[in-house]
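Reviewing the structure listed below.
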Amino acid sequence: MPEIAEVETVARGLRPLAGRRILAVRFGKTDFIDQPDRIETLLPGSRVIEVRRHGKMLLFRMEPAVPSPNPAMAPIWLIVHLGMTGQLVLHEAARPAAPHTHVWFTLDDGRELRYTDIRRFGHMRIASPEELTTLVAPLGADPLELTVAELRRRLGTRHARVKALLLDQHVLRGLGNIYADESLWRARLHPMRQGSDLSEEEMGRLWRAIRSVVSEAIRLGGTSISDYVDALGRRGGYQKRLRVYRRHGRRCARCSATIERVIVAGRGTHFCPRCQPAPRPARASRHSRAASAKKRLHPAPRLR
DNA sequence: AAGATTACCTGAAGGC
DNA sequence: TGCCTTCAGGTAATCT
């Protein structure tokens with residue numbers, strides 16, 4: 001699943017495209033593409049100036065084929081989000097395309113950049129500099145540029161569960177389910193803890209955990225569980241370092257308790273029940289206090 | 001109105 | 001063997 005480390009690895013692999021020209025664009029299915037006609041009009045003949053990552057987005061800064069009369073319109077940005085199963089891989093043009101390939105960019109060096117996406121949760125569009133600014137504005141801090149103060153500022157006032165906050169791209173941009181679970185394990189924090197409930201010391205642990213998990217995952221080229229490969233089709237190595245993600249029923253590497261799996265924020269959430277102690281139940285509302293008082297007086301009959 | 005839940009999509013895996 | 005159901009999770013829309 002492409003999260004920050006996978007997208008960063010793909011971006012690094014595509015950086016040598018700077019200077020290359022796109023000669024032609026061809027589409028398969030386009031239901032995940034915004035204004036495919038605009039892409040077909042603007043990209044052929046354009047040149048790659050720069051490739052960068054922003055959160056989970058890949059940004060290609062392109063020099064238009066025909067200089068625009070309006071200088072504010074140049075450059076144009078090609079934005080690619082890999083979603084769940086998206087792949088952006090360089091191939092020799094002669095190679096047959098993999099199934100579910102939906103976009104072909106013909107390059108001026110005999111190669112093609114191909115976008116393949118089984119589930120089509122990905123997204124692709126063209127943006128002007130102004131449109132890019134608007135798209136990027138609501139996103140949170142980059143986990144690699146994060147400071148403890150910034151993390152405290154963004155989590156400290158929030159009553160949502162810390163797992164949900166880590167997944168929220170408006171809080172931090174780039175974390176997904178794998179690195180959220182792995183960071184919480186390393187920080188020894190239960191995923192259901194409230195953001196506002198974290199102590200100064202716990203905030204520091206979480207900050208260090210996020211940075212070390214993400215930077216090691218990037219160093220190893222990302223996590224390949226099912227689909228993910230980099231720009232040259234190579235798998236990552238961080239799947240060997242996972243401590244909780246999809247390891248429920250197995251032993252915790254730190255304390256040997258059994259890893260559990262629950263649903264938090266609608267996502268499979270993996271944690272060690274011993275290393276990551278459960279939060280004290282939140283102060284009950286008037287309604288649920290009354291309900292539990294009633295339960296103590298009149299316990300529901302046990303089934304079976 | 002923040003926080004929680006659900007829909008979208010396809011293939012793999014498990015149950016019987 | 002084969003059909004059916006469930007599960008995976010990126011984000012946006014919808015609920016409470």
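Numbered from 1 within each chain, the chains take letters A, B, ... in sequence-line order.
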Checklist outcome for this item: On DNA chain C, more 5' by nearest nucleotide between R246(A) and L175(A) is R246(A)
Checklist entry - Per the end-axis method with five pairs at each terminus, what is the bend angle of the helix from dA2(B)-dT16(C) to dC16(B)-dG2(C), to 10°? => result 60°
Checklist outcome for this item: Separation of dA7(B) atom P from M84(A) atom CE, nearest Å, is 17 Å
Item to check | Separation of atom CD1 in I225(A) from atom P in dA8(C), rounded to whole Å | outcome: 12 Å
Next on the checklist: Taking the basic N atoms (NZ, or NE/NH1/NH2) and the acidic carboxylate oxygens, is any pair closer than 4.0 Å for R219(A) and E216(A)?
Outcome noted: yes
Item to check | Euclidean distance, atom CZ of residue R53(A) to atom C1' of dG10(C) [Å, nearest integer] | outcome: 16 Å
Checklist entry - Given atom CG of L167(A) and atom P of dG3(B), what is their separation to the nearest angstrom? => result 14 Å
Next on the checklist: From CZ of R267(A) over to P of dA8(C), roughly how many Å is that when rounded to an integer?
Outcome noted: 9 Å
Next on the checklist: Using whole Å, what does the distance between atom C1' of nucleotide dT10(B) and atom CG of D227(A) come to?
Outcome noted: 10 Å
Next on the checklist: List the residues meeting salt bridge (Lys or Arg N to Asp or Glu O under 4.0 Å) with E200(A), not counting sequence neighbours, and say none if there are none.
Outcome noted: R152(A)
Checklist entry - What integer distance in Å separates D117(A):CG from dA8(C):C1'? => result 14 Å
Checklist entry - Starting at CE of M124(A) and ending at P of dG10(C), how long is that distance when rounded to a whole Å? => result 19 Å
